[in-house]
There are 2 protein chains.
Amino acid sequence: MEKKVPTIKEIARKLNISVSTVSRALHDHPSIGLRTKTAVKNMAAALNYEPNQTAIFFKKGKTFTLGIVLPNLAEEFFSAVINGIEQVSMQNNYIALVGQSHDSLETEKKIVETMKNHRVDGILASISKNTTEIDHFRQMNKYGIPVVFFDRVPDVADIHSVSCNLYDSSVEAVEYLINLGHRRIGYLQGPPTLSIKNERLDGYRDAHKKHQLPLDESLIVHSDLSTEGTQAAFDQLMSLENRPTAILAFNDYVALDAIRYARQKKLRINKDISFVSYANLPVTRYVDFPPLASVEQFPFEQGARATELLFKLINQKSSGQEMPYENVVLQGKLVLH
Amino acid sequence: MEKKVPTIKEIARKLNISVSTVSRALHDHPSIGLRTKTAVKNMAAALNYEPNQTAIFFKKGKTFTLGIVLPNLAEEFFSAVINGIEQVSMQNNYIALVGQSHDSLETEKKIVETMKNHRVDGILASISKNTTEIDHFRQMNKYGIPVVFFDRVPDVADIHSVSCNLYDSSVEAVEYLINLGHRRIGYLQGPPTLSIKNERLDGYRDAHKKHQLPLDESLIVHSDLSTEGTQAAFDQLMSLENRPTAILAFNDYVALDAIRYARQKKLRINKDISFVSYANLPVTRYVDFPPLASVEQFPFEQGARATELLFKLINQKSSGQEMPYENVVLQGKLVLH
DNA sequence: TCTGATAAGTCAAACGTTTGCATACCTTTG
DNA sequence: CAAAGGTATGCAAACGTTTGACTTATCAGA
């Protein structure tokens with residue numbers, strides 16, 4: 001056991017040739033003769049030689065490793081994103097380090113730091129809901145590590161990003177409820193930090209304008225995304241003198257929490273109160289009363305596109321050119337259940 | 001931009017001392033004088049020096065990286081395991097590469113191969129349901145990469161593992177149903193590959209014996225864990241002349257699929273048919289009719305314990321000693337809903 | 001026979017760090 | 001005052017691989 005791993009040197013010694021010849025032979029360099037080449041390859045096979053990647057990483061200054069920073073793996077949305085990332089990175093023979101911020105800025109910083117130390121070739125990040133500044137990501141610039149943000153994207157222009165535009169689908173979602181006859185539609189929003197670039201709210205507002213429905217600000221409430229927060233927000237809506245008959249929820253989890261809570265309160269789903277939400281997660285398939293519709297945000301595609309963009313940046317870097325900031329925007333899509 | 005990163009050499013040159021002195025100074029080596037030490041540290045700080053980890057990895061032959069191989073991140077069970085792994089590995093300044101086998105043996109092999117190439121210091125693995133042999137893991141031995149299996153553990157003795165014993169809690173689960181008055185209890189099993197070491201079934205059988213209930217083999221059916229497979233298995237149970245009044249389901253997903261299907265068939269949950277299952281996943285909180293009880297398998301603890309064991313192996317390795325095969329077994333626990 | 005091209009291979013430096021050993025100086029101590 | 005011991009530092013090798021520059025042999029063409 002622990003038999004020391006064979007190296008290029010050993011092959012060279014056994015064959016009485018130089019290491020450079022061995023190296024080139026293994027890489028099919030043109031200036032190595034066929035005879036030597038096959039001899040080397042045979043010997044390599046016989047010894048069960050495997051190149052020492054850490055040496056190569058070191059020598060080449062690349063690690064063929066990507067870093068993924070995201071809030072929480074347990075959310076189906078993010079594990080779907082990872083599948084997208086995985087697909088593209090595997091094609092490129094890259095592998096990924098994963099770090100969860102658990103929505104803590106401190107943890108996020110620590111993860112980014114660790115990834116920098118591990119000299120990842122690039123970073124894919126979805127920021128935590130408490131990320132108020134992105135200096136720790138900007139730092140990566142100095143180390144030549146490109147960063148691509150996805151989904152939860154900071155609202156600034158000088159970054160690379162892939163995200164999902166929810167404006168149109170928000171309009172569509174509200175119109176869908178209006179067409180069902182709803183006139184009082186609540187909006188159960190997420191925390192302010194996640195609502196800076198508030199496409200959902202803009203869509204909500206504009207759909208009202210478009211259909212000449214009055215806009216009642218008391219119909220817009222916040223949840224911190226915890227179950228309790230959502231329940232409090234729901235109570236707030238239900239205590240209005242003029243209750244909403246439908247609710248647009250920040251995401252499926254919020255909708256599910258609200259629906260469960262509403263049922264505890266003996267409200268009849270889809271009669272007393274209807275729901276539409278965002279994310280279109282598989283988990284909604286298991287419940288009796290899922291939201292009527294949900295806006296698909298294409299996690300897999302976001303992951304795949306972000307990774308493609310990242311690879312473009314990585315390759316561009318080695319070719320020395322500068323790339324303009326690229327912001328890929330996928331269009332969300334309302335899916336009826 | 002792309003300003004080249006400062007190295008230990010630069011510090012040495014600027015200070016007109018040797019690199020070894022710098023290296024030792026930065027590591028607080030006792031034989032470096034205070035004056036030199038502070039000078040070096042100041043210069044390092046001024047230049048914003050960061051050690052090149054790839055060089056260190058290479059030199060030390062370690063990467064401070066763990067590999068995690070598991071079937072599917074989207075399962076809440078596994079993301080909970082990752083949280084456990086994360087906690088322990090962060091304490092040790094390790095970071096983790098994650099690979100999903102998606103229940104394909106081929107993919108699993110490829111992941112393990114890639115991780116070996118990246119020279120991870122150790123591997124944590126939960127095998128796919130199609131993993132019939134574990135040579136690819138055994139190979140790691142030759143490279144001095146210890147492997148610890150968790151949860152879905154191969155049924156052989158010469159490995160390290162952390163898993164959850166489900167025998168006692170299976171007995172308990174069935175007894176719970178018996179105490180509720182059930183006399184015909186179906187067992188909706190998983191695929192044969194996952195049932196080699198069949199503690200669930202043994203518990204199911206022994207609980208029957210213990211309570212002198214006849215054991216009807218037709219009450220034991222298989223699902224491949226897909227929704228359709230589960231529905232087929234459920235139909236099989238319901239087409240018996242003497243139907244079960246309760247079902248022990250392989251895991252929560254199976255139970256949820258079956259429950260939904262049962263409701264489509266107008267069966268009344270907890271009246272016509274009751275469920276108990278395994279995993280105790282948070283997702284069951286969102287449904288109207290969760291299983292009556294579920295066996296907690298402590299994913300977080302499994303992840304943490306497996307990682308602790310792995311670190312023991314990694315450290316033992318460098319101290320040259322051999323460790324006996326260790327198989328940590330946590331006891332599952334029936335949780336009433 | 002000489003020139004020059006080509007093929008096949010070697011040499012040695014380089015990547016950044018760690019570490020065993022040697023060295024230089026200084027201070028004790030017998 | 002010389003030997004011993006300690007303190008602070010430098011030297012150089014080593015980890016495994018890649019790669020630009022260089023050497024040697026072979027051979028075609030003039």
Side-chain angles (χ1 to χ4, degrees), chain A residues 2-41 43-44 47-65 93 116-119 121 143-144 318, chain B residues 2-41 43-44 47-65 93 116-119 121 143-144 318:
Chain A
E2 197 72 38
K3 41 192 71 179
K4 60 167 174 274
V5 225
T7 72
I8 220 177
K9 290 187 180 177
E10 265 178 54
I11 301 181
R13 190 156 31 76
K14 301 220 182 200
L15 254 40
N16 258 315
I17 55 178
S18 80
V19 289
S20 37
T21 306
V22 175
S23 173
R24 286 193 238 258
L26 291 172
H27 288 84
D28 288 319
H29 191 282
S31 79
I32 300 298
L34 184 62
R35 206 169 36 250
T36 337
K37 193 155 84 181
T38 51
V40 168
K41 293 204 170 178
M43 179 61 79
L47 292 181
N48 239 305
Y49 166 78
E50 311 255 0
N52 180 334
Q53 298 284 358
T54 60
I56 298 175
F57 294 164
F58 166 49
K59 174 71 187 178
K60 294 202 167 175
K62 288 184 79 177
T63 57
F64 299 96
T65 305
N93 270 307
K116 180 204 69 192
N117 286 342
H118 274 249
R119 294 286 201 274
D121 292 344
Y143 301 96
S318 44
Chain B
E2 197 72 38
K3 43 190 70 178
K4 61 165 168 276
V5 224
T7 72
I8 219 178
K9 289 188 181 177
E10 264 178 54
I11 301 182
R13 189 155 33 75
K14 299 219 182 196
L15 254 40
N16 258 314
I17 56 179
S18 80
V19 289
S20 39
T21 304
V22 176
S23 173
R24 285 191 244 259
L26 290 173
H27 288 83
D28 287 320
H29 192 282
S31 78
I32 298 297
L34 185 61
R35 205 170 35 253
T36 339
K37 192 154 84 181
T38 51
V40 168
K41 292 204 170 180
M43 180 60 79
L47 292 181
N48 239 304
Y49 166 77
E50 312 255 359
N52 180 335
Q53 298 284 359
T54 59
I56 298 176
F57 294 164
F58 166 49
K59 175 70 186 177
K60 294 203 165 173
K62 288 183 78 177
T63 57
F64 299 95
T65 304
N93 271 307
K116 181 204 64 190
N117 286 342
H118 275 248
R119 292 288 201 272
D121 292 343
Y143 301 97
S318 43

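So you know, we letter chains A, B, ... as the sequences are listed, proteins then strands, and number each from 1.
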Could you tell me whether the side-chain ring of B:Phe58 sits stacked on the base of D:dC15, using a centroid cut-off under 5.5 Å and a plane angle under 30°?
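Yes, aromatic ring over the base.
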Contact class for B:Thr36 vs. all strands (heavy atom < 4.0 Å): base, sugar-phosphate, or nothing?
sugar-phosphate
When all nucleic acid strands are considered with a 4.0 Å heavy-atom cut-off, which category describes B:Tyr49: base, sugar-phosphate, or nothing?
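Result for B:Tyr49 = sugar-phosphate.
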Look at the side chain of [X] and decide which nucleotide, out of [options], has an atom nearest to it.
X	options	result
A:Ile17	D:dA8, C:dT10, C:dT19	C:dT10
A:Arg24	D:dT18, D:dA21, D:dT17	D:dA21
B:Asn52	C:dG16, D:dG16, D:dA21	C:dG16
B:Thr7	C:dT17, C:dG9, C:dC11	C:dT17
B:Ile32	D:dT9, C:dG9, D:dC11	D:dT9

Of B:Arg35 and B:Lys60, the one whose nearest nucleotide on DNA chain D sits closer to the 5' end is B:Arg35
Which atom pair, heavy atoms only, marks the closest approach of A:Arg24 to A:Ile32?
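Nearest pair, atom of A:Arg24 first, then A:Ile32: CB-CG1, 3.8 Å.
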Is any side-chain N or O of A:Lys59 closer than 4.0 Å to OP1 or OP2 of D:dC15?
no
Atom CD of B:Gln53 and atom OG1 of B:Thr63: how far apart are they, to the nearest 0.5 Å?
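One gets 10.5 Å once the value is rounded to the nearest 0.5 Å.
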Does A:Lys14 have more than 12 heavy atoms from other residues, nucleotides or ligands lying within 6.0 Å of its NZ?
no
